[in-house]
Structure formats: structure tokens, C-alpha cells
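Structure record follows, encoded as C-alpha cells.
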Protein chains: 2
Amino acid sequence: MKHSELCPRFEKGMGLLSKRWTGLIINQLLLGPQRFCEIESSLPISGRLLSERLKDLEREGIANRVVFPETPVRVEYSLTQKGQALQPVIESIQEWSHDWIELEDETQSHTESL
Amino acid sequence: MKHSELCPRFEKGMGLLSKRWTGLIINQLLLGPQRFCEIESSLPISGRLLSERLKDLEREGIANRVVFPETPVRVEYSLTQKGQALQPVIESIQEWSHDWIELEDETQSHTESL
DNA sequence: GTCATCTTGTTACTTTTCGTAACTTAATAT
DNA sequence: ATATTAAGTTACGAAAAGTAACAAGATGAC
């Protein structure tokens with residue numbers, strides 16, 4: 001129960017990134033500002049969680065939220081400087097994934113593990 | 001409900017990294033091989049979760065597990081090549097955290113939010 | 001012999017987070 | 001009036017995380 005050596009900034013940063021969906025949402029926003037439904041369509045995430053994660057990101061100063069009061073309403077999310085600064089993180093994860101992750105083949109019908 | 005553009009390797013890699021504790025455990029193992037109780041002491045993680053995460057990492061080929069049948073038993077965990085290859089990822093997260101995360105001060109007794 | 005000790009887990013149980021689906025709001029079109 | 005659409009929210013069951021107590025197995029203390 002001594003965890004003294006750990007840098008608290010790093011611990012907090014890692015805590016943000018290691019919440020489910022956060023990395024993938026940021027990856028999506030690195031492509032440019034996007035509205036809620038675009039992010040939702042680009043990822044297998046539900047509206048409930050997406051809404052929750054975007055609120056987290058806004059609260060942490062990583063994402064901006066802009067409402068266009070059209071009908072129906074349009075809301076655009078974009079990255080702040082702090083969010084843009086995550087690009088090297090995302091890129092390094094992309095490189096590692098490309099180099100080291102192998103896909104298990106999904107050609108079988110879903111009746112394995114029986 | 002279309003999430004077609006997403007690279008499955010990246011999605012899987014991000015899935016690994018965005019499990020709670022995974023990043024911090026890998027960060028610890030980047031310092032060198034360590035036994036179970038050392039990792040446990042270095043992080044505010046419980047034995048149950050640490051055991052679970054280390055099994056995940058072993059199954060993914062990221063960590064090695066070596067048992068020394070002494071008394072009491074000693075078990076050492078270390079990173080494989082695949083695990084070592086995560087160093088740039090961890091480093092980029094460290095840099096971002098250093099540059100952009102600010103700590104809220106914890107000088108108050110824990111009676112805020114009332 | 002029996003009891004305590006130490007490490008690496010596991011089991012049992014509670015709390016938090018996630019996943020799914022139905023519902024809400026507000027402006028417009030039919 | 002009713003349907004439509006985007007952006008959420010609410011409700012609820014399922015999965016994951018947190019906590020604490022316990023187990024195995026060899027040793028040393030009494």
C-alpha cells in the first residue's frame with residue numbers, strides 16, 4: 001500500500017486515457033471537428049456513453065462543445081490545444097498496434113469456444 | 001451504427017491500453033523485471049486486479065511470468081519484446097501529462113464538496 | 001508437533017461503470 | 001395533429017472494479 005514513486009500527473013493522465021472509449025473518441029476528433037452523431041456513427045459506442053465521455057473531455061479541457069441552434073439542433077465537438085497535444089500519443093499507439101497486434105481471423109461463424 | 005473506418009488493430013490495441021491499470025503496470029515493468037508484490041506496492045491496485053491484469057498481459061504476449069520455487073514462492077514478471085515496444089507509448093503519455101495536466105491542490109482535508 | 005509467517009494468488013461480496021433501449025425536447029414539414 | 005430529426009437523458013440489467021478474508025506450501029519459533 002505504498003505507491004509513492006508514481007508521478008501524479010502521469011497517474012492522472014493515464015487515468016484519463018485508460019477510460020473506455022476516450023482514446024478512440026480523441027482519435028476521431030483528431031480528424032477535425034465533428035458533430036455528436038458523426039462520432040457516434042464512427043464508433044461502436046452508444047449515445048449514453050458518448051455523451052458521458054464528451055462531458056468528461058470537456059470538463060478536462062480536452063474538447064470544446066459548440067451548439068448551433070438550428071432545427072434539429074447541431075452540436076459540434078472539437079479538440080482544444082490540450083486535446084491536439086494528444087496526437088503523438090495516439091500516433092504511437094497506432095504504430096505499436098500496427099507492428100504488434102495480430103487479428104484473430106473472424107471467418108468462422110460465431111460458434112467457437114464450445 | 002456504422003463504424004467501418006476504424007482500423008481493427010488500432011481498436012484492439014487501444015482496447016488493451018484503455019483497460020484500467022494496464023498502462024501503469026507496463027510503466028512499472030519498463031523499469032525492469034519485478035515480482036508481484038513489488039508491482040503491488042508501487043501502485044494503488046489490489047492483488048485481485050493485479051493478478052487479473054497480469055494474466056491479461058501474459059495472454060496477450062506482453063508480459064512474461066517466471067516462478068522461482070523458493071519459500072515463500074517468488075514470481076517475477078517482465079516485458080516481452082511486444083511489451084518493451086510500448087515504451088514510446090508510455091513516454092508520449094508521460095510527456096503529455098507533464099505538459100498539460102495540472103494537479104488540483106490536495107492541501108485541504110477531505111471535506112470539500114459539502 | 002503446532003503455531004505464526006510470508007508470497008502469490010483466489011473467493012465472496014459490494015459498489016461502480018457499461019450496454020441497451022425507451023423516452024424527452026424543440027423546431028419544422030406534412 | 002402527427003411525424004421527423006439531433007442530441008441527449010432515464011431506467012435497468014450485466015459486467016467490471018474495489019475490498020477483505022481466506023488458501024497453499026515451505027519455513028522458523030516455541
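Naming convention: chains lettered A, B, ... in sequence-line order (proteins, then strands); numbering from 1 in each chain. Scope of the values below: all heavy atoms of this structure, side chains included, with no hydrogens, waters or symmetry mates.
- For A/Glu102, there are no salt bridge (Lys or Arg N to Asp or Glu O under 4.0 Å) partners at least two apart in sequence or on another chain.
- Separating the CD atom of A/Glu38 from the P atom of D/dT5 is a distance of 17 Å, rounded to the nearest angstrom.
- The structure places OG of A/Ser42 at 8.5 Å from CG of A/Leu29, a figure rounded to the nearest 0.5 Å.
- In this structure, A/Leu49 atom CG and D/dC12 atom C1' are separated by 15 Å, rounded to whole Å.
- Closest contact between the side chain of A/Arg48 and the listed nucleotides C/dG19, D/dT9, D/dT19 involves C/dG19.
- Side-chain N or O atoms of B/Gln94 include none that pairs as donor or acceptor with a backbone N or O of A/Phe10 at under 3.5 Å.
- By the rule that hydrophobic residues join a cluster once side-chain heavy atoms approach within less than 4.5 Å of another member, A/Val66 and A/Ile26 end up as members of separate clusters.
- Side chain of A/Ser51 to backbone of A/Gly47: no donor-acceptor contact under 3.5 angstrom is found.
- Residue B/Ile45 contributes atom CD1, which lies 16 Å from atom C1' of D/dA20 at whole-angstrom precision.
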Secondary structure string for DNA chain C (Watson-Crick or G-U under 3.5 angstrom, | for other-strand pairs): ||||||||||||||||||||||||||||||
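- A donor-acceptor pair under 3.5 Å is formed between the side chain of B/Ser18 and the backbone N or O of B/Met14.
- Spacing between atom CZ of A/Arg74 and atom P of D/dG8 amounts to 13 Å, rounded to whole angstrom units.
- Here C/dG19 presents its P atom at 13 Å from CD of A/Glu40, a figure rounded to the nearest Å.
- Listed by chain and number, the residues in a salt bridge (Lys or Arg N to Asp or Glu O under 4.0 Å) with B/Glu38 amount to none (sequence neighbours excluded).
- Listed candidates were C/dG9, C/dA27, C/dC18. Nearest to the side chain of B/Val75 is C/dG9.
- With B/Glu76 contributing its side chain and B/Val67 its backbone, the two residues share no donor-acceptor pair below 3.5 Å.
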Show me the donor-acceptor pairs, under 3.5 Å and distance only, between side chains in residues 54-64 of chain A and residues at least two apart or in other chains.
unit_1	atom_1	unit_2	atom_2	d
A/Asp56	OD1	A/Arg59	NH2	2.7
A/Asp56	OD2	A/Arg53	NE	3.2

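- No more than 12 heavy atoms of other residues, nucleotides or ligands sit less than 6.0 Å from atom CD of A/Gln81.
- Contact check on B/Arg9 versus B/Glu11 returns no salt bridge, with no Lys/Arg side-chain nitrogen under 4.0 Å from an Asp/Glu carboxylate oxygen.
- At the phosphate of D/dT9, OP1 or OP2 sits under 4.0 Å from a side-chain N or O atom of A/Ser51.
- Closest to the side chain of A/Tyr77, from the set C/dT28, D/dA6, D/dG8, is D/dG8.
- In this structure, A/Trp96 contributes its side chain and B/Gly83 its backbone to no donor-acceptor pair below 3.5 Å.
- In this structure, CD1 of A/Ile39 is placed 12 Å from C1' of D/dA7, rounded to the nearest angstrom.
- With distances taken from any side-chain atom of B/Val73 to the nucleotides C/dT7, D/dA7, D/dA17, the minimum falls on C/dT7.
- DNA chain C is contacted by A/Glu52, A/Arg53 of residues 52-70 of chain A, taking any non-hydrogen atom closer than 4.0 Å.
- Here C/dT8 is the nucleotide among D/dG8, D/dT5, C/dT8 with the atom lying nearest to any side-chain atom of B/Cys37.
- With rounding to whole Å, A/Leu50 atom CG is found 16 Å from D/dT10 atom P.
- Looking at residues 16-25 of chain B, you'll see B/Arg20, B/Trp21 sit with a heavy atom under 4.0 Å from some atom of DNA chain D.
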